[in-house]
Amino acid sequence: MPALKVPKTEAEPVKRKLKKLNLYDGKRRPKKEDNFVLLPVIEDRRIYSLGYEVLPIELPFRPERQIYKNLESVLVERLSKEELKYLRRYDVIGDIAVIQIPSQLEHRVDDIVWGLRKVHPFLKVIAKKGFHKGAFRIRDYSILWGEGRLETIHKENGVEIKVDLSKVFFNPRMKGERYRLAQLVRDGERVLIPFAGVLPYALVIARYRRVKITAVELNREAYELGLENIERNRKRLKGNIEFIHGDAFKVLPELPSYDRVISPTPRGVDALALTLSKAREWLHYYDFVHEDELDAFRRKILDECSRQGKRCEIKVKKVSDFKPHVFKVCADVRIFLE
Ligand SMILES: C[S@@+](CC[C@H](N)C(=O)[O-])C[C@H]1O[C@@H](n2cnc3c(N)ncnc32)[C@H](O)[C@@H]1O
């Protein structure tokens, strides 16, 4: 990602302007250099016409992106080198930290809690995370320390998202993905989001773009939190969100088609034909794919496109590791109607 070299005295107004134009890369940190500040920007042709030098450098990520390293460095005091190898990445959701504790570290829980509190003094709850279960993809958690709750308000991409981890799915690691999609969406689009959860994608997109979003979710608790999230963010949203409680497989056939469909598909569910049938220009389809099956995944989408009489171009992007050799991927499908 490039950086804009701006005189120190102009840094703040230029930063505000970049944010307004959605050109500022909030995931990275600005850097001072003599009388200049290097501002992180996203790759976009508009950055070359702002009257400032564009440097092809990678500014460092903000500290929250390097959280894991901090915990490790704190725990060096208490855990052996061998034990540190088993330390897993963790997430901070609002004031709750969630971490996987492998069996090799069960006897070190108190030290891990101590370390997390040292790195994040604002934490109110620390929970051990288990696996996602059932159609609603709710994770199993047990509270290790703090207040006995799994409800919190998480801030991301300029919106506030209320979640209750004991009742709904939520993945803070998709923050970058949500930002990426929000940048792809253009004002005026009509967007459909089935499997919408507590609305993280819808809120982030509506925060940045003047769009009309229709979202669908089956889990009643997620639906209700989603409605609360729309109200909570009302003043921040440029776009409009209509939220439907129901089964996407029953609701979508009754809906019209949309410029763009975003499908954060639950694991194990095949919603490709359904979501593609509702997409006019773009489908962003998430799935879990073994690295040896990426070509087959691409072919499956192309076959479905031709079955539906759509000419498609597909880019498959690895979004995150899921388990060894298996990735969460997003297929960005561009549709040209024949
Ligand atoms: C992988 S989660 C994604 C949630 C949300 N988009 C997010 O990123 O936080 C899948 C969501 O689909 C919902 N779901 C599962 N089956 C559904 C169905 N048939 N119709 C609508 N929603 C469904 C689950 O309750 C869950 O909230």
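We count ligands from 1, going down the list as the structure has it; atoms in each ligand are counted the same way. Side chains are part of it too, since the values below use all heavy atoms of this structure and drop only hydrogens, waters and symmetry mates.
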inquiry  = Within 45 degrees of the ring normal and closer than 6.0 Å to the centroid, is that where the cationic atom of Arg334 sits relative to Phe336?
reply    =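 Yes, cation above the ring, under 6.0 Å and within 45°.
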I need the nearest protein heavy-atom contact for [atom]: residue, atom name and distance, please.
atom	answer
atom 1 (C) of ligand 1	Pro264 O, 3.6 Å
atom 23 (C) of ligand 1	Phe195 CD2, 3.5 Å
atom 20 (N) of ligand 1	Ala248 N, 2.8 Å
atom 15 (C) of ligand 1	Ala135 O, 3.2 Å
atom 7 (C) of ligand 1	Pro200 CG, 3.6 Å
atom 22 (N) of ligand 1	Leu218 N, 3.2 Å
atom 8 (O) of ligand 1	Tyr201 CE1, 3.3 Å

query = Which residue from Arg137, His245, Glu221, Glu217 reaches closest to atom 24 (C) of ligand 1 through any of its heavy atoms?
reply =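 Residue with the shortest heavy-atom distance to the ligand atom: Glu217.
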query = Should one rank Leu274, Ile244, Asp247 by closest heavy-atom distance to atom 19 (N) of ligand 1, which comes out on top?
reply =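 When every heavy atom of Leu274, Ile244, Asp247 is considered, Asp247 comes closest to atom 19 (N) of ligand 1.
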Atom [atom1] of residue position [X] - does it have more than 12 heavy atoms of other residues, nucleotides or ligands inside 6.0 Å?
X	atom1	answer
His290	NE2	yes
Lys129	NZ	yes
Asp34	CG	no

request  = Check for a donor-acceptor pair, side chain of Tyr285 on one end and backbone N or O of Ala271 on the other, with a separation under 3.5 Å.
outcome  =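 Checking the backbone N and O of Ala271 against the side chain of Tyr285, a donor-acceptor pair under 3.5 Å is found.
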ask   = Relative to ligand 1, is Ala196 under 4.0 angstrom through side chain, backbone, both or neither, heavy atoms considered?
value =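 Backbone only.
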ask   = Which ligand 1 atoms does Asn219 reach within 4.0 Å, using its non-hydrogen atoms?
value =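 Checking each atom against Asn219, I get 25 (O).
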message = So if I count the atoms of ligand 1 from 1 in the order they appear, which ones are less than 4.0 Å from some heavy atom of Gly246?
response =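 Near Gly246, meaning under 4.0 Å from one of its heavy atoms, ligand 1 has 20 (N), 21 (C).
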task = Evaluate the ring planes of His284 and Trp282, with Trp represented by its six-membered ring, and classify them as parallel (under 30°), tilted (30 to 60°) or perpendicular (over 60°).
result =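 His284 vs Trp282 ring planes: parallel.
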task = For the pair Tyr208 and Tyr179, name the ring-plane relationship: parallel under 30°, tilted 30 to 60°, perpendicular over 60°.
result =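 The rings of Tyr208 and Tyr179 stand perpendicular, inter-plane angle above 60°.
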query = Does the pair Leu283 and Leu272 meet the rule for a side-chain contact (heavy atoms from CB on, under 4.5 Å), with working shown?
reply = CA-CA 9 Å; Leu283 168 66; Leu272 178 63; 4.1 Å; yes
